[in-house]
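Being a predicted model, the structure only gives us computed values, none of them experimental. No hydrogens, no waters, no symmetry mates; every other heavy atom, side chains included, goes into these values. Chain letters run A, B, ... following the sequence lines, proteins first and then strands; every chain starts at 1.
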There are 2 protein chains.
Amino acid sequence: MTAGNAVPGEGVQCEHCAVRSRALCASAGHEGQRELRRWSRIRRVAADETVLPEHGESGFVGTVVAGALRQVKTMPDGREQVVGLVFPGEFFGRPFRARTDFGYEAAIDSEICVTERLAFEAVLRRHPEVEHQLLLQTMNELAAARERSLLLGSLDTLERVATYLLVMSARREQMLSRIGQDPRLEVAASLISRRDLASYLGTTIETISRHVHHLSRGGVIRIIDSSHFEVLDHQRLLAISGVTHDDLRLFDVVGESAAAEPGHARPAGAA
Amino acid sequence: MTAGNAVPGEGVQCEHCAVRSRALCASAGHEGQRELRRWSRIRRVAADETVLPEHGESGFVGTVVAGALRQVKTMPDGREQVVGLVFPGEFFGRPFRARTDFGYEAAIDSEICVTERLAFEAVLRRHPEVEHQLLLQTMNELAAARERSLLLGSLDTLERVATYLLVMSARREQMLSRIGQDPRLEVAASLISRRDLASYLGTTIETISRHVHHLSRGGVIRIIDSSHFEVLDHQRLLAISGVTHDDLRLFDVVGESAAAEPGHARPAGAA
DNA sequence: CGGGCGATTTGACGTGCATCAATCCGGCCA
DNA sequence: TGGCCGGATTGATGCACGTCAAATCGCCCG
């Protein structure tokens with residue numbers, strides 16, 4: 001069960017890590033990074049595989065390198081809710097807590113960098129700059145979760161779909177521009193299954209399907225296949241979503257938002 | 001606007017603070033606590049008064065001493081959503097961020113202990129044990145926010161009302177038992193206005209009214225007045241809510257949950 | 001004690017969306 | 001190439017809940 005059984009001495013190769021610059025570990029100093037990689041290892045998980053069980057040991061924490069995880073809560077009667085999604089560069093897990101209070105599962109085939117929880121906590125204790133960065137990311141996650149309250153509490157289902165498409169579109173755009181590719185064609189991949197998407201948006205696959213096709217007929221988006229869409233009319237989609245541009249940015253947990261705090265942090269090494 | 005203009009030298013009296021043992025500041029060492037109080041001051045805010053504007057400067061942070069704050073997001077078209085409530089002992093505000101991304105308003109007449117944001121950050125930098133405690137509380141808030149996703153995304157309105165009553169009932173119970181009073185009569189005060197409650201639960205005042213009276217007719221609760229209820233049948237209410245007992249605890253941000261991590265923290269002074 | 005005003009309750013009505021069910025589509029394997 | 005199967009679409013139906021409106025209940029102030 002405790003899948004993060006890294007034996008010291010192994011470790012991971014960080015040099016070519018895809019999320020090297022954005023992940024939590026990048027904020028650690030030279031020494032801290034060396035410690036972290038000693039206790040970490042890369043793990044591949046297939047779609048729908050459980051990463052951390054919903055009611056179990058909080059054995060390890062980690063960062064998504066590629067793919068996406070879904071955070072799920074199941075109710076006694078079997079209803080299941082996706083309460084969050086974890087994308088590349090984002091941290092997951094629950095430090096300083098022995099048991100989990102929701103589950104992590106791979107939404108698609110993914111690659112994650114996991115660290116024994118206790119070892120990770122030790123690193124945090126020895127390296128306050130890492131703990132600081134974790135705090136910033138956690139506060140960002142909290143802002144995103146609050147934004148989700150707005151989405152689930154105040155938006156109708158069409159607005160939710162529009163919002164999701166915009167968020168994914170922006171995410172993809174910044175990802176492409178980061179690796180230097182031309183992001184001109186705005187192609188938003190839903191990536192995750194319709195079932196996950198429906199649960200994440202607090203609705204059903206049927207409703208999603210209807211709205212997506214409605215947007216397509218209106219010329220706002222183009223359907224490439226059932227999980228890939230191109231945003232044709234960004235302005236109109238934004239108007240339909242009902243939210244502001246600023247609100248959309250809150251969904252991005254590891255965005256530049258946290259980093260640029262004048263006069264603070266930006267500690268030791270790692271470029 | 002920057003309401004937390006504490007001039008050094010003033011400060012607050014912490015000795016008789018109602019939330020002394022639970023608040024963030026309690027975790028600070030002797031030295032840290034002295035610094036914190038130097039830059040803090042008590043502020044009284046009337047119901048519906050704005051504490052921090054929705055789009056403005058993140059001038060100060062603070063802790064609720066008495067009363068309750070609501071966190072609000074407003075949409076371009078005027079729809080307003082209460083994305084969270086802040087109760088006594090809980091921290092609020094956004095350290096390490098110059099601008100706010102949602103507003104704080106007094107839900108009822110309240111008393112808050114505010115600290116200049118920049119001064120607070122300086123304390124965090126000098127006292128990692130306080131930052132650590134803030135991290136724990138933030139992670140708890142995140143868990144609560146995720147639980148709210150479940151509430152808004154998967155529960156019907158009756159279940160939401162039941163859940164809310166249970167949470168408030170538990171909160172009051174532990175508050176009474178903390179000050180040594182007999183919590184036998186479970187009286188859950190809604191405290192906040194129907195309008196806030198409706199928004200918080202993602203529904204309308206009419207629907208709330210109907211469900212509350214439905215529960216009352218069924219003998220599950222007793223209506224004392226429009227904002228005070230007594231839980232008569234805890235078991236049945238829990239069954240109606242559809243969630244587990246464990247899930248309810250996640251709504252409690254400053255509960256014992258965070259504190260009891262074996263072998264960690266529990267730093268310097270303050271009993 | 002009486003009048004007035006905001007908040008709550010109650011009722012009637014309409015609808016957005018879930019539900020159920022049938023059809024369609026695409027990938028996989030023989 | 002053809003048949004199968006899970007996922008996606010499309011349609012038909014029902015209901016939970018939002019909306020609008022009227023009635024009622026407090027509470028403050030004269």
Side-chain angles (χ1 to χ4, degrees), chain A residues 46-48 75 77-82 107-109 151-165 189-218 221-229 240-242, chain B residues 46-48 75 77-82 107-109 151-165 189-218 221-229 240-242:
Chain A
D48 290 328
M75 292 178 54
D77 66 2
R79 275 177 286 182
E80 192 176 297
Q81 171 76 29
V82 173
I108 52 178
D109 292 345
L151 185 140
L152 293 171
S154 289
L155 302 195
D156 64 36
T157 52
L158 174 59
E159 292 171 322
R160 294 181 208 175
V161 170
T163 303
Y164 179 80
L165 290 173
S190 95
L191 292 170
I192 60 178
S193 80
R194 273 285 206 287
R195 227 177 97 269
D196 285 344
L197 180 54
S199 175
Y200 182 62
L201 296 182
T203 180
T204 60
I205 51 179
E206 293 95 327
T207 298
I208 302 236
S209 181
R210 280 183 245 271
H211 286 324
V212 162
H213 281 260
H214 171 76
L215 289 172
S216 165
R217 274 193 301 276
I221 64 171
R222 185 172 69 85
I223 301 177
I224 298 168
D225 67 46
S226 72
S227 61
H228 294 79
F229 315 96
I240 292 171
S241 80
Chain B
D48 290 329
M75 291 177 55
D77 66 2
R79 275 176 287 178
E80 193 176 295
Q81 171 77 27
V82 173
I108 53 177
D109 292 345
L151 185 140
L152 294 171
S154 290
L155 302 196
D156 65 37
T157 53
L158 174 59
E159 292 171 323
R160 294 182 208 175
V161 170
T163 302
Y164 179 81
L165 289 172
S190 96
L191 292 170
I192 61 178
S193 81
R194 274 285 206 286
R195 226 177 99 271
D196 285 344
L197 181 54
S199 175
Y200 181 62
L201 296 182
T203 179
T204 62
I205 51 179
E206 294 94 328
T207 298
I208 301 233
S209 181
R210 280 182 245 270
H211 286 323
V212 162
H213 282 259
H214 171 77
L215 289 173
S216 164
R217 273 192 301 278
I221 65 172
R222 185 171 68 86
I223 300 176
I224 298 167
D225 67 46
S226 71
S227 61
H228 294 78
F229 314 96
I240 291 171
S241 80

Measuring to OP1 and OP2 of [N], would you say a side-chain N or O of [X] lies under 4.0 angstrom away?
X       : N       : value
S226(A) : dT9(D)  : no
T207(A) : dA18(C) : yes
T204(B) : dG18(D) : yes

When the distance from [atom1] of [X] to [atom2] of [N] is rounded to whole Å, what number comes out?
X       : N       : atom1 : atom2 : answer
H214(B) : dA16(D) : NE2   : C1'   : 13 Å
H211(A) : dG16(C) : NE2   : P     : 10 Å
I223(A) : dG7(D)  : CD1   : P     : 19 Å
I208(A) : dG16(C) : CD1   : C1'   : 15 Å
R194(A) : dA8(D)  : CZ    : P     : 6 Å
E206(B) : dC13(C) : CD    : C1'   : 13 Å
D48(A)  : dG6(D)  : CG    : P     : 14 Å
H213(A) : dC24(C) : NE2   : P     : 15 Å

Problem set entry | Residues in side-chain contact (heavy atoms from CB on, under 4.5 Å) contact with R222(B), at least two apart in sequence or another chain | I224(B), E230(B), L232(B)
Exercise. Step by step, would you call L151(B) with L201(B) a side chain to side chain contact (heavy atoms under 4.5 Å, CB included)?
Worked result: CA-CA 8 Å; L151(B) 185 140; L201(B) 296 182; 4.1 Å; yes
For this session: Would you name the heavy atoms of S199(A) and V82(A) that are closest together and state the gap between them?
Result: OG-N, 2.8 Å
Exercise. When rounded to the nearest 0.5 angstrom, what distance separates CG in L165(B) from OG in S241(B)?
Worked result: 10.0 Å
For this session: Measure distances between side-chain N and O atoms of R210(B) and base N and O atoms of dG11(C), and say whether any donor-acceptor pair falls under 3.5 Å.
Result: yes
Exercise. Quick one: the side chain of R217(A) and the base of dT10(D), do they pair up donor-acceptor inside 3.5 Å?
Worked result: no
Exercise. Under a 4.0 Å heavy-atom cut-off, which of residues 155-162 of chain B touch DNA chain D?
Worked result: D156(B), T157(B)
For this session: Kindly indicate whether the side chain of R160(B), heavy atoms from C-beta on, has any atom under 4.5 Å from the side chain of L152(B).
Result: yes
For this session: Flag the pair R79(A) and E159(B) as a salt bridge only when some basic side-chain nitrogen lies within less than 4.0 angstrom of an acidic carboxylate oxygen.
Result: yes
Donor-acceptor pairs under 3.5 Å, side chain of residues 210-217 of chain A to any protein atom, not counting sequence neighbours: which ones?
unit_1, atom_1, unit_2, atom_2, d
H211(A), NE2, T157(A), OG1, 2.8
H211(A), NE2, L158(A), N, 3.4

